[in-house]
Protein chains: 2
Amino acid sequence: MAGLQNTLNQPQLYRDEHLFIDFHQQAAVLDSQRMTLTRKEYDLLALLVRHAGEIVPREALLMRVWGYGSEIRTRTLDVHIRRLRKKLGVYADQYIETIFGIGYRFQPFHAPRFAQSTPEGRPLAVSA
Amino acid sequence: MAGLQNTLNQPQLYRDEHLFIDFHQQAAVLDSQRMTLTRKEYDLLALLVRHAGEIVPREALLMRVWGYGSEIRTRTLDVHIRRLRKKLGVYADQYIETIFGIGYRFQPFHAPRFAQSTPEGRPLAVSA
DNA sequence: CCCCTTTTTACAAAGCTTTTACAACTTCGC
DNA sequence: GCGAAGTTGTAAAAGCTTTGTAAAAAGGGG
């Protein structure tokens with residue numbers, strides 16, 4: 001698999017064509033430019049990237065990044081997603097997908113996308 | 001034989017010549033292309049496919065997918081069936097049969113079809 | 001205080017579901 | 001066969017929920 005692994009068997013690194021993340025140093029680099037992320041922005045990005053290719057439900061994000069239980073109603077996740085996307089620049093929509101009604105998914109840069117065969121319908125399948 | 005079975009003895013997978021469904025991941029693939037289904041569309045398709053070859057009465061579908069009792073009058077089932085058929089493309093009519101006055105039946109791709117002037121196949125129990 | 005980060009608020013936009021209205025079809029009695 | 005009554009197909013609109021966005025408010029560390 002991808003990055004070197006530590007004793008907890010968690011990758012220490014993520015790397016694709018444009019994005020590089022060092023989970024140990026908690027640093028992200030986009031096209032050779034260091035991203036300046038706030039703590040929450042980094043935590044959110046890191047969590048998504050560690051689960052690259054998988055849908056991460058809103059609930060899970062709110063729990064693991066904010067410690068919020070499902071009873072808390074907040075829009076702060078949306079706002080942080082937006083700021084992350086802004087900092088991801090032109091790749092934003094390719095990297096961070098919205099799974100309507102469920103959560104978000106980080107996709108490695110060249111991950112195969114399942115194209116849309118039907119004229120209507122939106123870019124994502126259901127999953128939980 | 002069908003897919004692997006979990007501890008509840010429900011198949012986890014469905015597969016035929018064109019359609020593949022992973023009930024655990026709640027994802028459907030048609031001719032190697034992931035179908036983009038909304039939640040209700042997936043629930044409806046999954047219920048029909050789990051009972052492949054059997055007639056599933058409208059009442060049962062409305063109860064199990066929508067939680068509607070028999071007193072509720074709605075056309076939303078018809079509309080969802082239509083959208084499913086659209087997304088099933090050219091196989092639509094082969095996969096989803098209308099059993100007039102009773103309900104619908106999902107047929108595996110190469111299943112032999114019998115005349116349906118006298119609908120056979122045991123209906124699914126309506127009770128929850 | 002000041003600056004930076006985080007959260008909330010309010011509204012806009014997008015997505016999904018349901019209803020509505022009418023066309024097409026099936027069944028059944030005549 | 002024919003017509004009536006009921007059922008299903010279909011397209012479009014309405015309704016509701018979720019997400020995007022900008023701006024203001026709230027927190028927190030120096």
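In what follows, chains are A, B, ... by sequence order, proteins preceding strands, each numbered from 1.
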> Tell me, do Leu48(A) and Ile81(A) make a side-chain contact under 4.5 Å, heavy atoms counted?
Replying inline: yes
- prompt: Under a 4.5 Å side-chain heavy-atom rule over Ile, Leu, Val, Met, Phe, Trp and Tyr, are Phe109(B) and Leu45(B) clustered together?
  reply: yes
On the 0 to 90° scale, with breaks at 30° and 60°, tag the Tyr91(B)-Tyr95(B) ring pair as parallel, tilted or perpendicular.
perpendicular
Between Phe106(A) and the options Leu19(A), Ile55(A), Leu47(A), the side chain to side chain contact (heavy atoms under 4.5 Å, CB included) test singles out Leu19(A)
- Taking OP1 and OP2 of dT18(C), is either one under 4.0 Å from a side-chain nitrogen or oxygen of Trp66(B)? yes
>> Surrounding CD of Gln33(A) (heavy atoms of other residues, nucleotides or ligands, distance under 6.0 Å), is the total greater than 12?
In response: no
What residues 70-79 of chain A contributes to the DNA chain C interface at heavy-atom separation below 4.0 Å is Thr74(A), Arg75(A), Thr76(A), Val79(A)
Atom CG of Leu37(B) and atom C1' of dC16(C) are separated, to the nearest Å, by 13 Å
Closest of dT17(C), dG9(D), dT7(C) to the Arg85(B) side chain is dG9(D)
Rounded to whole Å, the CD-C1' distance (Glu97(A) to dT19(D)) equals 15 Å
Polar side chain donor-acceptor pair, Gln94(A) to Gln107(A), under 3.5 angstrom: no
**OP:** Check whether any side-chain N or O of His80(A) sits under 4.0 Å from OP1 or OP2 of dT7(C), and answer yes or no.
**Re:** yes
- request: Report yes if at least one side-chain N or O of Thr38(B) is closer than 4.0 Å to OP1 or OP2 of dG15(C); otherwise report no.
  value: no
TODO: Assert yes or no for the condition that the ring centre distance of Phe23(A) to Tyr14(A) is strictly below 6.0 Å.
DONE: no
Lys40(A) NZ to dC4(C) P, in whole Å, measures 19 Å
Asp93(B) atom CG is separated from dT10(D) atom C1', nearest whole Å, by 14 Å
Just by distance, with hydrogens left out, do Thr98(A) and Arg85(A) show a side-chain donor and acceptor under 3.5 Å apart?
yes
Q. Would the number of heavy atoms belonging to other residues, nucleotides or ligands and lying under 6.0 Å from CZ of Arg15(B) be above 12?
A. no
Of the listed dT6(C), dT8(D), dT18(C), the closest approach to the Arg83(B) side chain comes from dT18(C)
Whether each nucleotide of nucleotides 2-7 of chain D has a protein heavy atom under 4.0 Å at its base (B), only at its sugar-phosphate (S) or at neither (-) is summarised, 5' to 3', as ----BS
Tyr104(B) atom OH is separated from dT26(C) atom C1', nearest whole Å, by 13 Å
**Item:** Heavy-atom check, side chain of His110(A) versus side chain of Glu17(A), under 4.5 Å
**Value:** yes
Arg39(B) CZ to dT17(D) C1', in whole Å, measures 15 Å
Atom CG of Leu84(A) and atom C1' of dT5(C) are separated, to the nearest Å, by 14 Å
* To do: May I ask you to check whether over 12 heavy atoms, not counting those of Gln26(A), lie within 6.0 Å of atom CD?
  => yes
Exercise. Compute whether any side-chain donor of one residue and acceptor of the other, for His80(A) and Glu41(A), lie under 3.5 angstrom apart.
Key: no
Axis-to-axis angle for the helix from dC1(C)-dG30(D) to dC30(C)-dG1(D), ends of five pairs each, to 10°, equals 30°
note: Ile81(A), atom CD1; dT19(D), atom C1'; distance rounded to Å ~ 11 Å
Exercise. Any side-chain N or O of Tyr68(B) less than 4.0 Å from the OP1 or OP2 oxygen of dT18(C)?
Worked result: yes
Distance check: side-chain N/O of Tyr42(A) vs OP1/OP2 of dT6(C), anything under 4.0 Å? no
